[in-house]
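Reviewing the structure listed below.
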Amino acid sequence: MTENDPSGQNAEQARPAGAQPDAEQSAAWAAQPAPQQPDATGLGGHATPHTGAQQAYPQEQYNPWSPQAQQTQAQAHAQQPHTQQTQAQHAPYGQHGQPGPSAYTIPQQRQTSKSTSGKLLAGVAAIALVVGGVAGGTVGFLTGDAGGGGSVNALDAPKPAQQTGNVPAGSVESVAQKLSPSVVELQVSGRSGAGEGSGFVLSTDGYVLTNNHVVEVAANGGQIQAVFQDGKKGAATIVGRDPTTDIAVVKVSGVSGLTPVELGRSDDLRVGQPVVAIGSPFELAGTVTSGIVSALKRPVSAGGGGDQTTVMSAVQTDAAINPGNSGGPLANMAGQVIGINSAIYSPKSAQSQGETGGNVGIGFAIPIDQARRTADDIINTGQATQTFIGARVQTAPTGGAQLGEISPGSPAEKAGLKSGDVVTKLDDRIIPNADALVAEIRTRAPNDKVKFTLGGDKVVEVTLGGQPVTPN
């Protein structure tokens, strides 16, 4: 999943959780991730074809039924009674329009550009015929007005009536009208690079929610500028950030009267329901795309390489998400934010070409229920709180999440869990691998009570713990 990320990094790998690093298809952040991360990019270009076609007609046409032609033919027949002459011209030719690709590329960074691979080229072959004699006259008749009236030109018709009335409720248009004034483009720079991402307004006085990977490059002396829909700009500072959930809050100074979004809920989302994404892909601020919820509770690791520190339980969508969309809202058809667009899947074949990842119809958003809790912690205390059990976890050979070392005094130890236990379910959620367990725990709040089903159908109740997150 890649993003035109402020860090000035090549695209960071992101992978569907649970896959083994050496066999997985990876997904890249919807931002340009950190320089220390391996490059994992993919791109499909779009080319605009230019076609050429010519059609010619004779300047003068020969009519065999004219009086002059009849007289000429009679004289020829008298001179050569046993010879017939026929004349016909058929000189077909064709010219193939040559496509002139004008590809829109996906840059690795804001200040660099990359040529596209896999351009879509379309050529249209048009054949023009030069036909004399009767056929020429027939063409003129068929393309004329048989009724003898004048021609009709669309340019002469008046403009239709201007659109009036209210925007239909529950339409993409209505969501765009409601939410667009609250979406912010974030232009970020720091020592390691520069780029842009998106965010959305939480409060009238300037709190904006976004991704950690959008703003982390500015964490140590960098700069953030917020650009609003009406063109107004303001400097922003980081209030707090949480790399483990990829959430951050910034505060824009010198602003008031902003339009906060309406937050929805992500615990009752349904696969197949329509959603709308808004953000600034490739610096195209205010871009609106639509799609559906493709899957729920999709464990995804943005770090790649087996790193569990950035595993999230994501909402999967086919709404177009591209570099620059990171941190922007994913909304339901009531215009309520139900997720934060954060990552996209990038095919491994595309990554091998060294290209920046683009939309392939598989994007991931952080559920708003989790983001809401983290943002509230950051605004109230200046730092996020991470939910944990205090045990190392790895995928069991036969499936499930196998516990490793148990920390003394941790929630896992207090619940009686042992090293070697294999968790197969958390409440009603099936746990197929280690990442699924980590992601599911992070969707819960500290002090929540959950039930672990272990191999052999043993059930253990665990009270989840909470610990402050120290950003890297």
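Heavy atoms only: backbone and side chains are in, while hydrogens, waters and symmetry mates are out.
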Note to self: Test your reading of the model: is there a side-chain donor-acceptor pair from Asn211 to the backbone of Gly327, 3.5 Å cut-off?
What the structure shows: yes
Item checked: Closest non-hydrogen atom pair between Val183 and Pro329, with its separation -> CG2-CG, 3.8 Å
Next item on the list: I would like to know whether Leu454 and Leu417 meet side chain to side chain contact (heavy atoms under 4.5 Å, CB included); could you show each step before the answer?
Entry: CA-CA 10 Å; Leu454 308 180; Leu417 295 173; 4.2 Å; yes
Note to self: Is the shortest side-chain heavy-atom distance between Val201 and Phe228 below 4.5 Å?
What the structure shows: yes
Note to self: Do Lys232 and Val255 have side chains that approach each other closer than 4.5 Å (heavy atoms only, starting at C-beta)?
What the structure shows: no
Check: Shortest non-hydrogen contact from Gln402 to Pro397?
Finding: OE1-CD, 4.1 Å
Note to self: Counting only heavy atoms not in Gln383 (residues, nucleotides, ligands), do more than 12 fall under 6.0 Å from its CD?
What the structure shows: yes
Notebook entry, point to check: Taking it one step at a time, do Thr245 and Ile366 satisfy side chain to side chain contact (heavy atoms under 4.5 Å, CB included)?
Noted result: CA-CA 8 Å; Thr245 59; Ile366 302 169; 5.8 Å; no
Notebook entry, point to check: To the nearest 0.5 Å, what is the distance between CG (Leu179) and CD (Gln229)?
Noted result: 10.0 Å
Notebook entry, point to check: Of all residues at least two apart in sequence or in a different chain, which pass the side-chain hydrogen bond (donor to acceptor under 3.5 Å, both in side chains) check with Asp448?
Noted result: none
Check: Do Leu403 and Val393 have side-chain heavy atoms sitting under 4.5 Å apart?
Finding: yes
Checklist line | Check against side chain to side chain contact (heavy atoms under 4.5 Å, CB included), Gln273 and Asn332 | finding: CA-CA 8 Å; Gln273 78 174 81; Asn332 60 24; 4.1 Å; yes
Check: Atom CD1 in Ile321, atom CG in Asn359: separation rounded to 0.5 Å?
Finding: 7.5 Å
Check: Looking at side-chain heavy atoms only, is the closest gap between Glu440 and Pro299 below 4.5 Å?
Finding: no
Next item on the list: Using a cut-off of 6.0 Å, state whether more than 12 heavy atoms not belonging to Asp268 lie near its atom CG.
Entry: yes
Next item on the list: Look only at the side chain of Ser326 and the backbone of Gly197, and say whether a donor-acceptor pair between them is shorter than 3.5 Å.
Entry: no
Checklist line | Check ion pair Asp242-Arg442 (N to O, under 4.0 angstrom) | finding: no
Next item on the list: Ignoring hydrogens and angles, tell me if any N or O in the side chain of Arg241 forms a donor-acceptor pair with the backbone of Val250 under 3.5 Å.
Entry: no
Check: Within a reach of under 6.0 Å around CG of Asn380, are more than 12 heavy atoms found that belong to other residues, nucleotides or ligands?
Finding: yes
Item checked: Heavy-atom closest contact (Ser180 atom, Ala176 atom, distance) -> OG-O, 2.7 Å
Next item on the list: Nearest 0.5 Å please: distance from the CD1 atom of Ile362 over to the CZ atom of Arg298.
Entry: 8.5 Å
Checklist line | Close side-chain approach of Pro411 to Leu464, heavy-atom, < 4.5 Å | finding: no
Margin query: Nearest 0.5 Å, please: how far is CD1 in Ile431 from CG in Leu437?
Written below: 5.5 Å
Notebook entry, point to check: Under a 4.5 Å cut-off applied to non-hydrogen side-chain atoms, are Arg265 and Asp369 in contact?
Noted result: yes
Next item on the list: Return yes if some donor-acceptor pair links the side-chain N/O of Thr317 with the main-chain N/O of Ile292 below 3.5 Å, else return no.
Entry: yes
Next item on the list: Taking the side chain as every heavy atom from C-beta outward, state whether Ser410 and Glu413 have any atom pair closer than 4.5 Å.
Entry: yes
Notebook entry, point to check: Hey, are the side chains of Met333 and Val175 touching, using non-hydrogen atoms and a 4.5 Å cut-off?
Noted result: yes
Item checked: Whether Arg444 side chain and Val450 backbone form a donor-acceptor pair below 3.5 Å -> no
Notebook entry, point to check: Does atom CG of Asn166 have more than 12 heavy-atom neighbours from other groups under 6.0 Å away?
Noted result: no
Notebook entry, point to check: Has Arg372 got more than 12 heavy atoms of other residues, nucleotides or ligands less than 6.0 Å from its CZ?
Noted result: no
Checklist line | Shortest non-hydrogen contact between Ile406 and Ser419, atoms and distance | finding: CG1-N, 3.9 Å
Margin query: Would Lys251 and Ile379 count as a side chain to side chain contact (heavy atoms under 4.5 Å, CB included) here? Give the steps.
Written below: CA-CA 10 Å; Lys251 178 73 182 302; Ile379 292 173; over 6 Å; no
Note to self: To the closest 0.5 Å, what do you measure between CZ (Phe200) and CG (Leu258)?
What the structure shows: 14.0 Å
Next item on the list: Could you tell me whether a side-chain N or O of Thr424 sits under 3.5 Å from a main-chain N or O of Gly455, the two making a donor and an acceptor?
Entry: no
Check: So, for Ala343 and Met312, which heavy atoms are closest and what is the spacing to 0.1 Å?
Finding: CB-CE, 4.4 Å
Notebook entry, point to check: Any donor-acceptor pair under 3.5 Å linking the side chain of Lys297 with the backbone of Ala436?
Noted result: no
Check: Does Ser198 use its side chain to pair, donor to acceptor, with the backbone of Thr210 at less than 3.5 Å?
Finding: no
Note to self: Main chain of Gly257, side chain of Thr204: is a donor-acceptor contact present, judged purely on distance under 3.5 Å?
What the structure shows: no
Next item on the list: For Val252 and Ala226, work out which heavy atoms get closest and say how close.
Entry: CG2-CB, 3.7 Å
Next item on the list: Measure the spacing between CD1 of Ile340 and OG1 of Thr374 and express it to the nearest 0.5 Å.
Entry: 8.5 Å
Check: With respect to Gln187, which candidate in Glu283, Gln225, Lys233 satisfies the side chain to side chain donor-acceptor pair (under 3.5 Å) definition?
Finding: Gln225
Next item on the list: Look at the side chain of Asp376 and the backbone N and O of Arg373, then say whether any donor-acceptor pair between them is shorter than 3.5 Å.
Entry: no
